Amino acid sequence: MREAFVRLYEEGLIYRGAYIVNWCPRCQTAISDLEVAHEEQQGKLWEIRYPVVGAAGEFVTVATTRPETMLGDVAVAVHPLDERYQKYLGKKLRLPLTDREIPVIADEWVKSDFGTGAVKVTPAHDPNDFEIGKRHGLPAINVMDETAHMNDETGAYAGLDRYAARKKVLEDLEAQGLLGAVREHVNTIGKCDRCKTVVEPRLSTQWFVAVNKEPNGGGASMAELARRAVREGHIRITPEQYSKVYLNWMDNLYDWCISRQLWWGHRIPVWHCAACGMMTVARQDPTACTHCGSAEIVQDPDVLDTWFSSGLLPVTVFGWPRHERDFDVFYPTQLLVTGFDILFLWVSRMIMLGCWFSRDIPMADGSKREAKDTVPFHKVYIHALVRDAERQKMSKTKGNVIDPIHIVEHYGTDAVRFTLASMASPGTDIAFSEARTEGYRAFANKIWNAARFIFMNVEKAREAGIEVDRAALGAMPAVADNAPIEARWIVARLNSEAAEVNAALGEYRFHEAANTIYQFFWGDFCDWYLEIVKLRLDFSEESDRAAVKAALTTLLQTFEAALRLLSPFMPFLTEELWHAVYRMACESEPPTKSIALTRYPQGAAHTDDAADRDFALLQELIVTVRALRKDIGVEEKLAVPIRIWATQERLSFGTNAEIIQRLARVTEIRTAEALSEGTGMRSTPNFDVQVIYEKTIDTSAERERLAKELAKQQKTLASAEKQLGNPAFLAKAPAHIVEGLRKQEADTRLLIEKTRKALEELG
RNA sequence: GGGCGGUUAGCUCAGUUGGUCAGAGCGUCUGGUUUACACCCAGAAGGUCGCAGGUUCGAGCCCUGCACUGCCCA
């Protein structure tokens with residue numbers, strides 16, 4: 001910290017000066033612009049008449065939102081082109097309530113249409129007035145002390161709090177007939193971020209970092225280096241939109257006030273000499289003034305802004321200012337994860353100071369460090385902020401804080417974690433949703449129950465003398481080509497979903513990763529695979545033991561891999577179950593102490609497209625039959641025969657009859673060569689299916705459904721035909737789009753024909 | 001005042017470079033005590049993607065304007 005301060009001072013980038021700063025009267029310290037929260041507030045605009053000296057009965061009327069500061073007025077300013085006030089330019093006014101006379105000056109900054117067009121100038125208590133004062137060489141009269149009470153400059157008002165003073169000033173003006181109109185006025189006031197006290201702009205002597213200035217030796221400014229780091233892509237901010245926010249802020253950066261009048265913090269390494277009045281800035285505590293040798297030196301009482309030392313973290317963490325091996329090895333780091341509210345406060349300062357102090361440190365191989373290697377980190381991921389259900393920022397004063405402990409106790413840590421991950425889509429904040437959390441608690445429960453089912457079967461298998469080899473676990477499962485369809489399918493699925501999860505994580509799309517896993521675990525693994533695998537887990541004497549063992553192995557392998565896939569999202573549950581897998585299935589300890597230490601499943605797309613395709617058809621058939629049964633009123637429990645007309649060879653419905661029977665509650669599958677008459681039919685481009693059911697069906701409802709269906713199909717066809725009939729489309733659209741549309745058109749034509757026929761048969 | 005977002009099913013939200021993308025969960029409705037799970041299963045209904053123009057063969061997605069809304073900075 002000292003090294004940084006002294007070096008910047010030597011480079012001419014740290015200076016001390018009297019400026020208007022944001023002053024918190026309660027904390028009694030200066031605070032930076034970033035620590036001030038601006039709020040709109042209904043206030044008043046008072047008009048005050050300042051008598052013109054030497055012109056009895058004439059006044060210049062000013063408008064102000066802060067009458068008490070008039071005691072520190074040193075001028076009244078008007079716009080140079082404002083005709084109303086031309087005659088007063090250069091004249092003096094008598095400042096009411098005091099015995100001072102102040103000039104009328106012209107300054108471009110004054111807005112003629114605001115208030116009366118004449119403004120009081122109080123350089124010690126307003127940043128704009130300070131600038132005007134500097135331009136016109138006016139003095140600055142501070143009228144308040146560090147607690148925002150009126151000081152000795154104010155005579156009769158001395159000792160009054162600023163608001164009490166305001167009241168008295170107004171009363172006195174009123175009594176003297178100098179108070180004009182009072183209007184309602186919305187103005188913006190600054191409050192201290194920490195204690196919410198209204199900030200007082202106050203003239204005081206502070207330390208600043210000149211962020212936009214070239215250093216003494218020449219070269220780019222700190223802010224410029226920090227801008228380039230992002231603009232030139234050495235630092236990539238995700239979501240990208242924050243790059244713009246960052247650059248916009250950097251482009252409008254003022255000097256950074258780094259001194260604080262607090263009693264804790266790093267003290268400023270500057271000693272003031274009582275003898276000669278000069279300053280000694282030193283790395284080591286000096287015993288004498290470097291200018292005159294006097295021993296009467298006192299260290300500056302101020303301490304540094306906490307973000308100054310925090311901003312140095314990227315280099316100090318690796319031993320800077322010493323040059324250590326850690327620095328060579330780890331700087332620049334890869335990724336910083338943080339919330340956007342910290343982007344300016346900390347991230348920007350780390351970039352500025354990191355780039356600055358690393359730039360003259362050679363690379364490990366001795367070569368010169370280039371810009372890309374000066375940055376403290378290569379990537380910044382800005383995560384979402386959690387807000388309350390009404391999207392309000394949580395705050396203690398508003399009382400809308402959601403207590404994470406309470407939520408975690410209620411829904412479980414894993415459910416809360418999964419909820420946040422699933423809602424963390426980049427660039428938007430998270431409105432905390434209890435309903436979503438409830439859903440993911442159910443998900444955790446679902447996984448737990450799936451595990452119970454699996455372990456139960458492992459027990460049964462063991463009783464039947466079937467054991468799963470421990471060596472089979474811990475990797476991506478592999479299945480034989482002649483394995484049952486559901487085994488081939490779930491393994492292909494696991495692979496493609498794992499690949500998708502990895503891709504999503506690589507791009508910080510956590511919600512996508514979470515949703516993919518959710519869908520895989522619940523939708524694919526539980527709803528389809530587990531239901532089908534029940535058929536294979538037959539531990540009776542007459543079963544094919546090799547087949548049962550293979551099924552059980554795939555089941556365990558898939559579950560184990562799925563747990564690893566899920567573990568970053570639900571660490572506690574998966575840890576527990578993963579250990580249980582090894583203990584229950586293999587009666588042994590897992591290969592590592594924690595699931596977190598295992599290899600994350602990578603997966604691959606298209607490992608078994610044939611299984612994917614065949615299983616999709618099977619699902620389509622089962623779903624169609626289920627819907628059909630419901631439509632024609634087959635009781636839930638009743639199993640019925642179905643009849644299928646398949647248009648494709650590969651519909652291996654025959655070999656998968658068991659699956660269809662179990663999942664669609666079917667007794668018998670008949671096949672036919674052609675469309676038959678009768679009711680209770682459904683068509684898809686791949687097959688027609690009929691549920692054979694004796695009871696009369698609701699023909700009018702069925703007709704209505706078919707009519708609706710037909711209308712939809714015709715709409716689809718019309719749109720496809722329109723596009724395909726457009727030469728421009730055929731000429732310009734890519735081939736796969738045109739092909740896809742052609743297939744859609746053909747399929748739709750076929751369906752329309754079938755639907756029409758079905759309608760005819762209903763009569 | 002300057003900047004950055006958002007507006008998609010009743011609710012909470014996805015929808016990466018314009019085409020096979022209109023989706024999920026919750027809620028609603030219907031039916032189910034199938035030996036893992038009713039914190040469950042099956043099925044269904046529900047949206048002219050804020051409004052108005054424009055670019056394009058093609059727009060939830062790109063451009064312009066407007067309305068409402070949130071945030072950041074001054």
Side-chain angles (χ1 to χ4, degrees), chain A residues 33-34 36-38 127-128 188 190 239-249 251-254 340-341 343-344 385 387 389-393 411-412 415 419 422-457 460 503-504 507-509 511-512 514-516 518-519 522-523 526-527 530-531 534 622-631 633-639 662-665 705 719-720 722-734 736-741 743-744:
Chain A
D33 292 342
L34 275 179
V36 178
H38 295 273
N128 294 312
T188 319
E240 230 172 311
Q241 72 215 38
Y242 286 112
S243 296
K244 272 189 273 180
V245 176
Y246 169 87
L247 288 171
N248 188 266
W249 187 75
D251 285 340
N252 296 293
L253 200 54
Y254 292 97
F340 85 92
D341 53 336
L343 185 63
F344 304 140
L385 245 48
R387 297 174 178 278
E390 273 72 53
R391 203 160 261 302
Q392 298 290 306
K393 201 167 174 174
Y411 298 104
T419 305
S422 77
M423 299 187 81
S425 70
T428 49
D429 284 345
I430 297 172
F432 190 81
S433 158
E434 291 214 29
R436 289 283 289 262
T437 314
E438 225 169 281
Y440 294 122
R441 175 181 62 181
F443 180 50
N445 191 56
K446 183 79 180 175
I447 294 162
W448 187 261
N449 280 308
R452 281 182 48 207
F453 167 78
I454 292 168
F455 296 150
M456 198 182 82
N457 279 285
K460 283 188 194 163
E507 293 169 47
Y508 308 110
R509 302 179 67 78
H511 72 294
E512 218 170 84
N515 293 338
T516 301
Y518 179 94
Q519 169 52 35
W522 199 321
C526 290
D527 288 347
L530 283 188
E531 287 311 313
K534 283 172 182 173
I622 290 165
V623 168
T624 307
V625 172
R626 281 170 177 169
L628 190 48
R629 288 171 51 109
K630 196 93 166 179
D631 261 9
V634 180
E635 294 111 87
E636 198 78 23
K637 286 158 75 174
L638 189 68
R662 181 181 169 88
L663 267 56
R665 306 223 111 216
R705 192 191 67 76
S719 137
K722 192 182 159 200
Q723 278 208 74
L724 288 168
N726 183 346
F729 170 73
L730 296 176
K732 293 185 181 178
H736 74 278
I737 298 292
V738 178
E739 272 319 296
L741 203 61
K743 181 170 185 330
Q744 188 190 54

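This structure is a prediction, so every number in the text was calculated from the model and none was measured. In the text below, chain A, chain B and the rest are named by the order of the sequence lines, each starting its count at 1.
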Tell me the interatomic distance from [X], atom [atom1], to [N], atom [atom2], rounded to whole angstroms.
X        : N     : atom1 : atom2 : result
A:Tyr242 : B:C4  : OH    : C1'   : 9 Å
A:Asn252 : B:C73 : CG    : P     : 13 Å
A:Glu507 : B:G15 : CD    : P     : 12 Å
A:Lys637 : B:U33 : NZ    : C1'   : 9 Å
A:Phe729 : B:G18 : CZ    : P     : 16 Å
A:Gln723 : B:G58 : CD    : C1'   : 6 Å
A:Arg436 : B:A14 : CZ    : P     : 8 Å
A:Leu730 : B:G58 : CG    : P     : 13 Å

Item to complete: For residues A:Phe453 and A:Lys534, determine if any side-chain heavy atom of one lies less than 4.5 Å from a side-chain heavy atom of the other.
Response: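 Result yes, sub-4.5 Å side-chain heavy-atom pair found.
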
Nearest-angstrom distance, [atom1] atom, [N] to [M]:
N     : M     : atom1 : value
B:G60 : B:U16 : P     : 13 Å
B:C29 : B:C21 : P     : 32 Å
B:C4  : B:C49 : P     : 27 Å
B:C41 : B:G5  : P     : 40 Å
B:C72 : B:C26 : C1'   : 32 Å
B:A9  : B:C13 : C1'   : 11 Å
B:G25 : B:G32 : P     : 23 Å
B:G1  : B:C66 : P     : 13 Å

Worksheet, complete the sentence: Its contact letters, B for base, S for sugar-phosphate only and - for none at protein heavy atoms under 4.0 Å, make nucleotides 36-45 of chain B read BB-BSSBS--

Taking all non-hydrogen atoms of both residues into account, name the closest pair between [X] and [Y] and its distance.
X        : Y        : result
A:Leu385 : A:Phe340 : CD2-CE2, 3.4 Å
A:Leu730 : A:Val738 : CD2-CG1, 3.9 Å
A:Arg629 : A:Glu636 : NH2-O, 3.1 Å
A:Ser422 : A:His511 : O-CB, 3.1 Å
A:Gly190 : A:Val36  : CA-CG1, 3.6 Å
A:Thr516 : A:Glu512 : OG1-O, 2.7 Å

Practice prompt. To the nearest 0.5 Å, tell me how far A:Gln744 CD sits from A:Gln723 CD.
Written response: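 Atom-to-atom, A:Gln744:CD and A:Gln723:CD are 9.0 Å apart.
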
Item to complete: Measure the NZ-CG distance between A:Lys722 and A:Leu741 for me, rounded to the nearest 0.5 Å.
Response: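 So the gap between those two atoms works out to 12.5 Å.
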
Discussion item. Heavy-atom count check: over 12 atoms from other residues, nucleotides or ligands less than 6.0 Å from A:Trp448 CH2?
Written reply: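 Counting neighbours around CH2 of A:Trp448, 12 or fewer heavy atoms of other residues, nucleotides or ligands fall under 6.0 Å, so no.
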
Practice prompt. Would you kindly compare A:Phe340 and A:Val738 by the position of their nearest RNA chain B nucleotide and give the one closer to the 5′ end?
Written response: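 Taking each residue's closest nucleotide, the earlier one in sequence belongs to A:Val738.
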
Item to complete: Could you label the plane-to-plane angle of the A:Phe443 and A:Tyr440 rings as parallel, tilted or perpendicular, counting under 30° as parallel and over 60° as perpendicular?
Response: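 Rings of A:Phe443 and A:Tyr440: perpendicular, as their planes differ by over 60°.
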
Across the strands shown, which category fits [X] at heavy-atom distances under 4.0 angstrom: base, sugar-phosphate, nothing?
X        : value
A:Tyr440 : nothing
A:Asn515 : nothing
A:Pro734 : base

Discussion item. Side chain of A:Lys732, heavy atoms from C-beta onward: which of B:C73, B:U34, B:C57 has the nearest atom to it?
Written reply: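 Given the options B:C73, B:U34, B:C57, the side chain of A:Lys732 is closest to B:C57.
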
Practice prompt. Using a cut-off of strictly less than 4.0 Å, decide whether A:His511 has a side-chain nitrogen or oxygen near OP1 or OP2 of B:G15.
Written response: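 Checking B:G15 against A:His511, a side-chain N or O does come within under 4.0 Å of OP1 or OP2.
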
Fill in: 5'-to-3' dot-bracket of RNA chain B (Watson-Crick, G-U; under 3.5 angstrom; crossing pairs as [ ]; | other strand)
(((((((..((((.....[...)))).(((((.......))))).....(((((..]....)))))))))))).

